[in-house]
Amino acid sequence: MKRINFDFQQLIAFVAVAERNSFKLAAEAIDLSTSALSRRIEKLESTLGVRLFNRTTREVKLTPVGRSFLERVQVALEQLEETALNI
């Protein structure tokens with residue numbers, strides 16, 4: 001099975017942007033600079049080989065692939081948190 005190499009922090013950044021539809025608000029929420037957050041998202045998109053967001057200077061919206069990925073990432077993060085709490 002092929003492995004895709006992304007990290008937990010990239011997933012947290014992705015969810016933060018997706019939930020806020022804003023790089024600026026997401027960066028503030030996870031205590032990163034906007035440019036660092038943008039680099040994390042760009043690296044995640046590059047690793048996956050897809051665009052997760054459509055961006056303009058005025059708005060940020062999930063692509064259809066991004067919406068599907070968000071649903072799965074949220075479930076995975078919830079399961080991971082639950083597992084960690086039960087240890």
Side-chain angles (χ1 to χ4, degrees):
M1 177 158 90
K2 182 179 177 185
R3 299 272 180 201
I4 297 177
N5 188 18
F6 53 80
D7 65 39
F8 185 72
Q9 295 303 320
Q10 290 170 333
L11 298 179
I12 297 296
F14 166 70
V15 171
V17 175
E19 289 178 344
R20 292 163 182 82
N21 293 319
S22 166
F23 276 76
K24 183 178 185 290
L25 295 176
E28 291 171 2
I30 61 174
D31 198 29
L32 277 180
S33 69
T34 305
S35 60
L37 175 64
S38 182
R39 283 191 302 273
R40 282 189 186 175
I41 297 300
E42 288 170 1
K43 186 172 180 188
L44 178 61
E45 289 177 326
S46 177
T47 298
L48 296 173
V50 297
R51 275 193 79 73
L52 298 170
F53 296 99
N54 288 320
R55 307 162 181 77
T56 68
T57 56
R58 295 186 179 259
E59 69 180 0
V60 176
K61 287 189 175 182
L62 285 166
T63 63
V65 171
R67 278 192 296 277
S68 177
F69 189 61
L70 176 63
E71 292 171 11
R72 292 173 184 253
V73 168
Q74 287 174 320
V75 168
L77 291 175
E78 287 171 11
Q79 290 174 341
L80 183 58
E81 183 176 15
E82 182 180 320
T83 299
L85 291 171
N86 288 323
I87 291 178

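In this text, all values refer to a predicted model and were calculated from it rather than measured experimentally. Worth knowing before you read on, the calculation uses all heavy atoms, side chains too, and leaves out hydrogens, waters and symmetry mates. Heads up: numbering here begins at 1 and tracks the sequence.
In this structure, the side-chain contact (heavy atoms from CB on, under 4.5 Å) partners of L85, at least two apart in sequence or on a different chain, are E81. In this structure, the side-chain contact (heavy atoms from CB on, under 4.5 Å) partners of S33, at least two apart in sequence or on a different chain, are S35, A36. Under the rule for a side-chain contact (heavy atoms from CB on, under 4.5 Å), the partners of K24 that lie at least two apart in sequence or sit in another chain are S22, E28. For F23, the ring pair (Phe, Tyr, Trp, His ring centres under 6.0 Å) test picks out no residue, with sequence neighbours left out. Listed by chain and residue number, F53, L62, L70 satisfy the side-chain contact (heavy atoms from CB on, under 4.5 Å) test with A18 (two or more places apart in sequence, or in another chain).
Note: the hydrophobic cluster containing L32 does not contain L25 (ILVMFWY, side chain heavy atoms under 4.5 Å, direct or indirect links). Under the 4.5 Å side-chain heavy-atom criterion for ILVMFWY residues, no single connected hydrophobic cluster contains both V75 and L11.
T47 places a side-chain N or O within donor-acceptor distance of the main-chain N or O of K43, the cut-off being under 3.5 Å. Proximity of a side-chain donor or acceptor of T83 to a complementary backbone N or O of Q79 within less than 3.5 Å is detected.
More than 12 heavy atoms of other residues, nucleotides or ligands lie within 6.0 Å of CG in N86, so this atom counts as buried by the packing criterion.
Distance CD/Q10 to CG/D7: 4.0 Å, rounded to 0.5 Å. Note: F14 CZ to Q74 CD = 8.0 Å, rounded to the nearest 0.5 Å. Atoms CD and CG, from E82 and L77 in turn, are 13.0 Å apart once rounded to the nearest 0.5 Å.
Nearest heavy-atom pair, A26 versus L37, reported as atom, atom and distance to 0.1 Å: CB-CD2, 3.7 Å.
Pairs engaging residues 62-75 under the salt bridge (charged side-chain N to carboxylate O under 4.0 Å, His left out) rule: none recorded [sequence neighbours left out].
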| task | Before giving the answer on side chain to side chain contact (heavy atoms under 4.5 Å, CB included), spell out for R55 and I41 the whole-Å C-alpha distance, their side-chain angles and the decisive distance to 0.1 Å. | result | CA-CA 12 Å; R55 307 162 181 77; I41 297 300; 3.2 Å; yes
| request: Test L48 against F69 for side chain to side chain contact (heavy atoms under 4.5 Å, CB included), laying out the working first. | output: CA-CA 10 Å; L48 296 173; F69 189 61; 3.8 Å; yes
